[in-house]
Undergrad: 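Structure in structure tokens, see below.
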Amino acid sequence: MAKIVCVLYPDPIDGFPPEYARDTIPVLNSYPGGQTLPTPSSLDFRPGDLVGCVSGELGLRKFLEERGHTLVVTSDKEGPDSIFDRELADADVVISQPFWPAYLTAERIARAPKLKLALTAGIGSDHVDLDAAIARDITVAEETYSNSISVAEHAVMQILALVRNYLPSHQWAAQGGWNIADCVSHAYDIEGMDVGVIAAGRIGQAVLRRLAPFDVRLHYTDKRRLSPELEQELGLTFHPDARSLARAVDVVSIHAPLHPETRNLFNEELIGSMRRGSYIVNTARAQIVDRDAVVAALESGQLAGYAGDVWYPQPPAADHPWRTMPYNGMTPHVSGTTLSAQARYAAGTREILEAWLDGKPIRDEYLIVDGGKLAGAGAVAYTASQDAGNS
Ligand code: NDP
């Protein structure tokens, strides 16, 4: 029988379950491109329920305990005395979410001799040291596509919020003011702007598609060029690298995985090469940008705004400078864990567990590491030796 240790974010401060705003979520038939939605044998939660927090347990307890497995769920993940560290010692499976990552460093993997499966509930497995997982033949898997559109919607929202100065304007309204000049002194339309994405994978392409109707000029860079048909349909300008894109746009939205090629990509020099008053939205991973270079650029006016939902570490300290830097539209790491997204990645987590516990193959598109090497989606998006344990 397997022991599954699941690290999830804490319950809402007003208690669990919350009062839901809606009774249902839309039923989707497939992901863009045709990938099928998760296919677990059944579900023990109502799609639209808060399953991503500790009491939600990803809807897994009944299913696992009926089969005789042990499920431990905790949000206590930091330090050697944490419940996560204690339970890790004899865990067969670890489940973690990028929003509240249980960093599976090489040291932790060394202290988990039975660990065979590291499952990400969501997308982005850079909180797992992939080299260490490869060396120990630990399978790493995630639910590809489960929250890609959720993140794309968040990125588009944050681009509009920054350029239109939405959050400070809302503040004026909420505090009883009518300070139109204060609101609009920093507000523009995105119409006519140059907007670019770093990486046009699932999320990057969805952002491009959603922005096209805004009559912006769209740019992208990626390791692989998109088809000429898609470039033409969306009016895309391709750039061979981030450097070329950064100086050609007013807004950058980052959608690349964190790996050695992208770590610290937006440093002082690259940000300095952008047009004065550019905007950066980063819903990919915090360490793709230089934390302090972003703060300095906002203070000098080189950047007119920075938003995103990814921080390092997570959760960040109360005095993390991104909480208070000027013209920021930061949120906690929420874009990929809407109630809509949770329904999909919790179902996908169960699908993967069902396959793994029954000794059946995990869908190729869910795999990051398998059989001692990068595999499936991971073989496409990641590079080994990514120093991920520190991310
Ligand atoms: P995909 O794998 O679909 O796309 C990633 C793209 O990045 C691929 O096209 C890849 O190219 C490209 N790429 C990789 N390295 C580079 C590079 N150095 N320069 C340019 N392009 C590069 O991933 P998704 O779109 O689904 O997700 C992207 C990232 O978003 C995830 O890795 C994760 O970190 C983050 N994410 C954040 C979430 C959130 O809640 N905020 C939720 C989900 C994901 P190629 O295919 O040729 O390797």
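Atoms within each ligand, like the ligands themselves, are counted from 1 in listed order. Here, residue 1 is the first one in the sequence, and each next residue gets the next number.
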Undergrad: Decide whether an N or O pair under 3.5 Å exists between Thr283 and ligand 1.
TA: yes
Undergrad: Closer than 4.0 Å to some heavy atom of Gly336 - which atoms of ligand 1 meet that?
TA: 40 (O)
Undergrad: Hey, what's the ring geometry for Tyr306 with Trp322, parallel, tilted or perpendicular (30° and 60° as the breaks)?
TA: tilted
Undergrad: Calculate, to the nearest 0.5 Å, the distance between atoms CG and CD belonging to Asp222 and Gln205 respectively.
TA: 8.0 Å
Undergrad: Could an N or O of ligand 1 be found under 3.5 Å from any N or O of Phe99, whether backbone or side chain?
TA: no
Undergrad: At less than 4.0 angstrom from any non-hydrogen atom of Val151, what atoms of ligand 1 do you find?
TA: 38 (C), 39 (C), 40 (O), 42 (C), 43 (C)
Undergrad: Can you find an N or O of Ile203 that's nearer than 3.5 Å to an N or O of ligand 1?
TA: yes
Undergrad: Mind checking the CD-OG1 spacing from Glu87 to Thr74? Nearest 0.5 Å is all I need.
TA: 8.0 Å
Undergrad: Relative to the heavy atoms of Glu261, which atoms of ligand 1 are at a distance of less than 4.0 Å?
TA: 17 (C), 18 (N)
Undergrad: Mark the output for Pro98 as yes if a heavy-atom distance to ligand 1 is under 4.0 Å, and as no if none is.
TA: no
Undergrad: Do Thr262 and ligand 1 have an N or O pair less than 3.5 Å apart?
TA: no
Undergrad: Decide whether a cation-pi geometry holds between Arg108 and Phe84; the criteria are a distance under 6.0 Å from NZ or CZ to the six-membered ring centre and an angle within 45° of the ring axis.
TA: no
Undergrad: Taking the ring of Tyr220 and the ring of Phe238, is the distance between their centroids below 6.0 Å?
TA: yes
Undergrad: In terms of the angle between their ring planes, are His333 and Phe99 parallel, tilted or perpendicular, with boundaries placed at 30° and 60°?
TA: perpendicular
Undergrad: At what distance is the nearest protein heavy atom to atom 22 (C) of ligand 1, and which residue and atom is it?
TA: Lys223 CG, 3.7 Å
Undergrad: How far is atom 46 (O) of ligand 1 from its nearest protein heavy atom, and which residue and atom is that?
TA: Arg224 NH2, 2.8 Å
Undergrad: Show which atoms of ligand 1 fall inside a sub-4.0 Å distance from at least one heavy-atom site of Ala199.
TA: 6 (C), 7 (O), 12 (C), 21 (N)
Undergrad: Find the distance between OH (Tyr31) and CD (Glu365) and round it off to the nearest 0.5 Å.
TA: 9.5 Å
Undergrad: Could you tell me, atom by atom, which parts of ligand 1 come under 4.0 Å of a heavy atom of Ser335?
TA: 39 (C), 40 (O), 41 (N)
Undergrad: Can a non-hydrogen atom of Leu258 be found less than 4.0 Å from any atom of ligand 1?
TA: no
Undergrad: Drop me the distance from Met325's CE to Leu298's CG, to the nearest 0.5 angstrom.
TA: 5.5 Å
Undergrad: Can an N or O of His333 be found at a distance shorter than 3.5 Å from an N or O of ligand 1?
TA: yes
Undergrad: Please list the nearest protein heavy atom to atom 13 (N) of ligand 1 with its residue and the distance rounded to 0.1 Å.
TA: Pro257 CD, 4.0 Å
Undergrad: Any idea which part of Asp241 is under 4.0 Å from ligand 1, heavy-atom wise: side chain, backbone, both or neither?
TA: neither
Undergrad: Nearest 0.5 Å, what's the OG1-CG distance between Thr338 and Leu50?
TA: 11.0 Å
Undergrad: Is any N or O atom of His255, backbone or side chain, closer than 3.5 Å to an N or O atom of ligand 1?
TA: no
Undergrad: Mark the output for His259 as yes if a heavy-atom distance to ligand 1 is under 4.0 Å, and as no if none is.
TA: yes
Undergrad: Checking contacts here: is it the side chain or the backbone of Asn147 that comes within 4.0 Å of ligand 1, counting heavy atoms only? Could be both or neither.
TA: side chain
Undergrad: Given Phe266 and Leu303, is the side chain to side chain contact (heavy atoms under 4.5 Å, CB included) satisfied, shown in steps?
TA: CA-CA 12 Å; Phe266 276 82; Leu303 287 180; over 6 Å; no
Undergrad: Give me the atom names and distance for the closest heavy-atom approach of Gly192 to Arg217.
TA: O-NH2, 3.4 Å
